[in-house]
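Contents: one structure, followed by commentary.
Since the model is a prediction, treat every value here as computed from it, not as a measurement.
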Amino acid sequence: MTVNAVMQRTGPVSMVLLVKSVKQHRTKNGEMMAFAAAMDETGSLDLAFMPNTYRKYVNILKKGIIVFIRGEKDFRSSVKVNEIVLLKG
């Protein structure tokens, strides 16, 4: 699935992306999470890594990696990530 196709829908998604940037954030409960900007050849979108998911992938989540992601697209232009697989980086 491409970014362009994902932007037209909501619900479950899976795609290959290049991570452009990662910003850590602390929740109100003091847990760490992250937001990332990612892209493919058709466009860019935002990824949200909630605390449980962020803890699983904190060691590989960095700028410049290529990943396969599975997640949920909401009504905005962001995807809540459930799983990533590092492809290159």
**Message:** Closer than 3.5 angstrom, by distance alone: can the side chain of K80 be matched with the main-chain N or O of M50 as a donor-acceptor pair?
**Reply:**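 Between the backbone of M50 and the side chain of K80 there is no qualifying donor-acceptor contact (under 3.5 Å).
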**Asked** Which ring-ring contact (aromatic ring centres under 6.0 Å, His included) pairs, counting each pair once, include a residue from residues 16-63, with sequence neighbours left out?
**Response**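 Counting only pairs at least two positions apart or across chains, the ring-ring contact (aromatic ring centres under 6.0 Å, His included) contacts touching residues 16-63 are H25-F35.
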**Message:** Please determine whether side-chain hydrogen bond (donor to acceptor under 3.5 Å, both in side chains) holds for the pair T42 and D40, giving the CA-CA distance in whole Å, both sets of side-chain angles, and the decisive distance to 0.1 Å.
**Reply:** CA-CA 5 Å; T42 66; D40 71 4; 2.7 Å; yes
**Prompt:** Which pairs, with at least one residue in residues 58-69 and sequence neighbours excluded, count as a side chain to side chain donor-acceptor pair (under 3.5 Å)?
**Reply:**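 Listed by first then second residue: nothing to list.
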I need the minimum non-hydrogen distance between [X] and [Y], along with the two atoms involved.
X: P51; Y: T27; value: CG-CG2, 3.9 Å
X: S44; Y: K20; value: CB-NZ, 3.8 Å
X: G71; Y: N82; value: CA-ND2, 3.6 Å
X: M1; Y: M15; value: O-CB, 3.1 Å
X: E41; Y: T2; value: OE2-CG2, 4.2 Å

**Item:** Between NZ on residue K56 and CD1 on residue I84, distance to nearest 0.5 Å
**Value:**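 So the gap between those two atoms works out to 10.5 Å.
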**Request:** To the nearest 0.5 Å, tell me how far S78 OG sits from M7 CE.
**Result:**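 CE of M7 is found 8.5 Å from OG of S78.
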**Message:** Please say yes or no: joined through hydrophobic side-chain contacts below 4.5 Å, possibly via intermediate residues, are M33 and V67 part of one cluster?
**Reply:**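 Shared cluster, no.
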**Request:** Considering only Ile, Leu, Val, Met, Phe, Trp and Tyr, and joining two whenever side-chain heavy atoms are under 4.5 Å apart, list the other residues clustered with L87.
**Result:**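 Same cluster as L87: V16, L18, M39, I66, F68, V85.
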**Asked** In a check of side-chain contact (heavy atoms from CB on, under 4.5 Å) between L17 and each of V79, L47, I65, which one passes?
**Response**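 Result for side-chain contact (heavy atoms from CB on, under 4.5 Å) with L17: L47.
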